[in-house]
Amino acid sequence: MADVKSDIEIARAAKKQPIFEIGAKLGIPPEALLPYGHDKAKITAGFIAAQKGKPDGKLILVTAINPTPAGEGKTTTTVGLGDGLNRIGRKAITCIREASLGPCFGVKGGAAGGGYAQVVPMEDMNLHFTGDFHAITSAHNLLAALIDNHIYWGNEQNIDTRRIAWRRVMDMNDRALRQIVCSLGGVANGYPREAGFDITVASEVMAILCLSMDLRDLERRLGNIIIGYRRDKSPVFARDIKADGAMTVLLKDAMQPNLVQTLENNPAFVHGGPFANIAHGCNSVIATTTALKLADYVVTEAGFGADLGAEKFFDIKCRKAGLKPDAAVIVATVRAMKMNGGVKKDDLGREDVEAVRKGCANLGRHVQNVKKFGVPVVVAINHFTSDTEAEIRAVQAYVETLGAEAIVCRHWALGSAGIEELARKVVELAESGHSQFSPLYPDEMPLFEKIETIAKDIYHADAVIADKTVRTQLHTWEQQGYGNLPVCMAKTQYSFSTDPNLRGAPTGHTVPVREVRLSAGAGFVVVVTGEIMTMPGLPKVPSSERIFLNEEGHIEGLF
């Protein structure tokens, strides 16, 4: 296997087409594209608005089992399926999220696919790309600066400095900034107070941009952000300190979806990037809805496992945008099944059919959960060379008992040629008309009951634990008119439970709610459970240690 190329080597050797040619495949004229170099461009708001009367194509969600160190390859499968659909004669667009610098330099890596199922330019996508994340960071921190400035110059809104809810953000993992004290140094620097940083992908501004339909909707949502509370506990909004207009200006270009291409020169929209474990984990609504007007099929993904990503895709994104997915793909690997079955990472190369069967419980629960939303399901077995026929058959036989099909996919090694069978099955499911999509809970359900519904129906928990302050806060928000909002669970991605070490399909566990946050602009309530952090830290050996420029000036170490 010494001749196997790395993802970045494959991406660098890609024969890319000029971005105007990619746009032409979708009927986008050159004047509707704002190019960033030769291989990426933004699609203008005017062109997007002109597509509204067109019929929608089919929407396909790609989700996965809970991630393991063995690797699952959800984004790789998303990209491969988009290429596969184009290969069998369907006009398809891949819609994925932008990569955060935090995990690129931390442990998770990038977000452009892998092997021969990648979106390019890979290096740009995993670094600064078209500057969207920097614009979101700037807009978020402009609001933070305006809050402290408003208080410094007399505090006309009577903001209680003990109840400021707006933290600062940066697009990097930095645990040292989780809790800080700001405005030290005397009278000239303002009023000292406790504050903190979250990672940009957890910003409400990121969520707002990804859920907004256009610039007017964006500005309205930004104005609805609750920045803090007065001494009488009444909320203070971003519009109260006249921040919404300037924030919208900073986000004007970031609101426009980014057009790039796959290794096989098929179009891909890469736009927005909220984390799935601490935010809602989907690419932007505007990218998805635009793609649906331009293609027969739109393949998109939701972050991490289906317990987090798919649930939020269905209950938040689809609910808010009026989307109705036609089929869902759940990605799994034989290696991950073995790991869920108790095999250590170093032993995954050895055949162990019994461990595969034991580990399939995790996959089975995800299949059953997605079916609860009324969406037809197919399982994609992302193939590794170490997989044996007996192990593959064990997964396929198990999935058959669930009334679904598991298809082996070799897109990582073969590109679209290795995923044709899955593409044809997706077309069969999508065109059968069997999707009866509906969210898990109704808008009018009380907030705490929504939390319990997700915990019990999706995580299979016995109970939700929350102290009186959390319950009182939820009740207060209901009285203020926010009771119809969906909830966005902040939970570990590694388990159905809030314990990242509890693999498989655990039952009998509880979900402790540590904190709730109202994202009034985005339109959901964030529920922080367990030990989840909205500002991650770097691992002992971060990926950044392996990233460098080689003698030719090319980037090495990104993955």
- Separation of Ile48 CD1 from Leu294 CG (nearest 0.5 Å):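 Separation between the atoms: 9.0 Å.
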
Identify, with sequence neighbours excluded, every residue that meets salt bridge (charged side-chain N to carboxylate O under 4.0 Å, His left out) alongside [X].
X      : value
Glu72  : none
Glu478 : none
Arg471 : none
Lys293 : Asp56

Give a yes or no answer on whether the side chain of [X] reaches the backbone of [Y] with a donor-acceptor pair at less than 3.5 Å.
X      : Y      : result
Arg167 : Phe197 : yes
Asn369 : Ile458 : yes
Asp326 : Leu59  : yes
Asn362 : Ile65  : no
Ser435 : Pro325 : yes
Trp166 : His140 : yes
Lys372 : Asp457 : yes
Lys450 : Leu485 : yes
Lys54  : Leu292 : no
Arg221 : Ala522 : yes

Salt-bridged, [X] to [Y], with N to O below 4.0 Å?
X      : Y      : value
Glu421 : Arg424 : no
Arg90  : Asp296 : no
Lys40  : Asp124 : yes
Glu431 : Lys58  : no
Lys491 : Asp307 : yes
Arg87  : Asp83  : no

Side chain to side chain, [X] and [Y], heavy atoms closer than 4.5 Å:
X      : Y      : value
Val525 : Leu518 : yes
Phe133 : Leu101 : no
Ile22  : Lys25  : yes
Pro486 : Lys320 : yes
Val270 : Phe129 : yes
Thr529 : Tyr459 : no
Asn141 : Val169 : yes
Met247 : Leu143 : yes

Compute whether any side-chain donor of one residue and acceptor of the other, for [X] and [Y], lie under 3.5 angstrom apart.
X      : Y      : value
Thr290 : Gln51  : no
Thr333 : Asn382 : no
Lys317 : Asn283 : yes
His411 : Thr77  : yes
Thr534 : Asp198 : yes

At their closest point, which heavy atom of [X] faces which heavy atom of [Y], and how far apart are they?
X      : Y      : result
Ala32  : Phe47  : CB-CB, 3.6 Å
Ala490 : Ile532 : O-CG2, 3.4 Å
Gln118 : Ala11  : OE1-CB, 3.7 Å
Lys74  : Gly303 : NZ-CA, 3.7 Å
Ala276 : Phe304 : CB-CD1, 3.7 Å

- Taking side-chain hydrogen bond (donor to acceptor under 3.5 Å, both in side chains) as the test, write out the residues that go with Ser234, two or more places apart.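 In terms of side-chain hydrogen bond (donor to acceptor under 3.5 Å, both in side chains), with neighbours along the sequence ignored, Ser234 is linked to Arg230, Asp232.
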
- Task: Using side-chain hydrogen bond (donor to acceptor under 3.5 Å, both in side chains) as the criterion, list what pairs up with Ser284, not counting sequence neighbours.
- Result: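 So Ser284 forms a side-chain hydrogen bond (donor to acceptor under 3.5 Å, both in side chains) with His271.
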
- Query: Taking the six-membered ring for Trp, are His280 and Phe524 parallel (under 30°), tilted (30 to 60°) or perpendicular (over 60°)?
  - Reply: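 His280 and Phe524: tilted rings.
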
- Plane angle bin for His134 and His128 - parallel if under 30°, tilted between 30 and 60°, otherwise perpendicular: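 The arrangement is tilted - the two ring planes meet at 30° to 60°.
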
- Message: For Lys324, I'd like to know if atom NZ has over 12 heavy atoms of other residues, nucleotides or ligands within 6.0 Å.
- Response: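 No, the 6.0 Å shell around NZ holds no more than 12 heavy atoms from other groups.
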
